[in-house]
K.L.:
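Below: one structure in structure tokens.
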Amino acid sequence: IGMFWPAMTKAISLLEEKKGQGKIFGLFEGVRGVFVLVMWLGLMQVFEKLGGIQAVIVALSIFSIIAGVISFLFMADNTETGTTSDASVMKDMVTALKTPSAWVVAGVVFTIYATYSASSYMQPYGETVLGMSAVAAGYIGILRKDVIRLVGAPISGIISEKMGGRCALLIGIFDVLFIISLAILLVLPVGAEYTVITVVILVVSSFAIYGMRGMYYAIIGEIGTPKKIYGAVAGFVMFIGFLQDAFNSTLCGHWLDSYPGAQGYRYIFIYMLVLIVINVILIGILLRYIKKNKQQIEENQDEMKGEAAQ
């Protein structure tokens, strides 16, 4: 997986010029959501009718092989001048490590992805604290994770294109939307009479999260990352950005175990709020960097425009 994601993001970035990076990544996130939904529905049938978890693993392996063969046969190689590096992998990684803006982007991805991961506790919050039935909470989960994902990321991509490809600024706008919605959730009393407004808040905050997720790969290009080291920078950004997988669930689980009921979920929501506030600061740093280095960034992004036109 660690080798797949950087290669995939570079391949997607080559499909559009600089103003279309947000659109193409937003569309990617939305379409990926469709395939994930269809895949899980299919795997449930495999699990039920063909022999349990072993059959599911075999099916996933077959799907992966088919996808690899299709990619090999139909994806064009990025062999044009300026899109590949002449240096060794280690030298490219050192270059990525020495790029200050790459560290900031990694922080942006980390805070957004950690918030997204922690938001999975919104569904049990509805059932455990608000008293929803398991079925109702399940429908809220489907709405939040699947339906909103299908529309939120593509819409954010369209908006970013209308904004001239300013994906970092759009993430900042979604940050503000998320902070407002979560702040309301934290001060809102717990009770059945507040269930409807709570669900609305959960939906709005989820839209903001998926809007940010649709954009966070695009800012790798927005900071002017040269195409020849795009994969190395993407790999570093994702290594840092996905580190939260090592502790996020344990941390949230600790709060729920130590503070039963609503209080444990409040700590998770406060944690998410702090992460997004940090994200706002990082986005501010990125916007300042982009403004200060506009000329150099535009020169690097011309590679993207030329590649997309070919």
Side-chain angles (χ1 to χ4, degrees), residues 4-39 104-120 122 142-182 202-223 225 230 233-234 237-238 240-242 244 272 275-276 279-280 282-283 286-287 290 301 304 308:
F4 168 75
W5 279 98
M8 179 203 67
T9 53
K10 179 169 182 176
I12 293 172
S13 73
L14 292 172
L15 297 176
E16 273 284 355
E17 47 107 0
K18 61 179 182 179
K19 291 185 179 180
Q21 289 291 290
K23 182 185 72 174
I24 197 66
F25 277 109
L27 181 62
F28 159 74
E29 186 67 25
V31 171
R32 191 164 71 94
V34 173
F35 276 96
V36 168
L37 179 60
V38 172
M39 180 188 71
V104 182
V105 172
V108 170
V109 173
F110 179 92
T111 50
I112 293 175
Y113 188 67
T115 302
Y116 161 76
S117 179
S119 71
S120 63
M122 288 180 169
I142 292 172
L143 174 64
R144 191 186 65 79
K145 293 191 298 181
D146 297 319
V147 177
I148 295 177
R149 179 181 188 172
L150 300 185
V151 298
I155 287 176
S156 69
I158 294 171
I159 295 173
S160 74
E161 188 176 36
K162 299 294 183 182
M163 294 173 60
R166 302 181 69 186
C167 302
L169 178 60
L170 184 57
I171 289 176
I173 294 172
F174 282 125
D175 280 339
V176 173
L177 178 62
F178 184 86
I179 289 171
I180 292 172
S181 61
L182 207 62
L202 296 181
V203 169
V204 171
S205 62
S206 296
F207 178 81
I209 289 173
Y210 281 109
M212 288 185 273
R213 282 203 62 179
M215 295 295 99
Y216 65 19
Y217 294 129
I219 59 177
I220 299 175
E222 189 179 0
I223 63 172
T225 303
Y230 192 104
V233 172
V237 165
M238 289 170 202
I240 299 296
F242 296 161
Q244 63 83 36
M272 293 164 64
L275 286 169
I276 293 301
N279 188 264
V280 170
L282 294 173
I283 287 295
L286 272 186
L287 290 174
I290 292 169
Q301 287 175 335
M304 187 186 306

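All of these numbers come straight from a predicted model, not from anything done at the bench. Values below: every heavy atom of this structure, side chains too, minus hydrogens, waters and symmetry copies.
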K.L.:
Tell me every residue that passes ring pair (Phe, Tyr, Trp, His ring centres under 6.0 Å) with Y210, counting only those two or more places apart in sequence or in another chain.
P.N.:
Y116
K.L.:
So, for A118 and M272, which heavy atoms are closest and what is the spacing to 0.1 Å?
P.N.:
CB-CG, 3.6 Å
K.L.:
Between CG of D175 and CD1 of I180, what distance do you get to the nearest 0.5 Å?
P.N.:
11.0 Å
K.L.:
Can you list everything that forms a side chain to side chain donor-acceptor pair (under 3.5 Å) with Y113? Sequence neighbours excluded, please.
P.N.:
none
K.L.:
What closest approach, in Å, do A208 and F174 show between heavy atoms, and which atom pair accounts for it?
P.N.:
CB-O, 3.6 Å
K.L.:
What is the distance from atom CG of L169 to atom CD1 of I219, rounded to the nearest 0.5 Å?
P.N.:
12.0 Å
K.L.:
Which residues satisfy the ring pair (Phe, Tyr, Trp, His ring centres under 6.0 Å) test with Y216, sequence neighbours excluded?
P.N.:
none
K.L.:
Can you name the residues that form a side chain to side chain donor-acceptor pair (under 3.5 Å) with S119, not counting sequence neighbours?
P.N.:
R144
K.L.:
Please report the interatomic distance OH(Y230) to OG1(T225), rounded to the nearest 0.5 Å.
P.N.:
7.0 Å
K.L.:
Rounded to the nearest 0.5 Å, how far apart are OG1 of T115 and CD of Q244?
P.N.:
9.0 Å
K.L.:
Please give me the minimum heavy-atom distance between L170 and S156, naming the atom from each residue.
P.N.:
CD2-O, 3.1 Å
K.L.:
Which atom names give the shortest non-hydrogen contact between A168 and I283, and what distance separates them?
P.N.:
O-CG2, 3.3 Å
K.L.:
If the condition is side chain to side chain donor-acceptor pair (under 3.5 Å), which residues does T111 pass it with, not counting sequence neighbours?
P.N.:
N279
K.L.:
Let me confirm one number: the CE-OG distance from M122 to S206, rounded to the nearest 0.5 Å.
P.N.:
5.5 Å
K.L.:
For A153, enumerate each residue passing the side chain to side chain contact (heavy atoms under 4.5 Å, CB included) test, keeping only those at least two apart in sequence or located in another chain.
P.N.:
E29
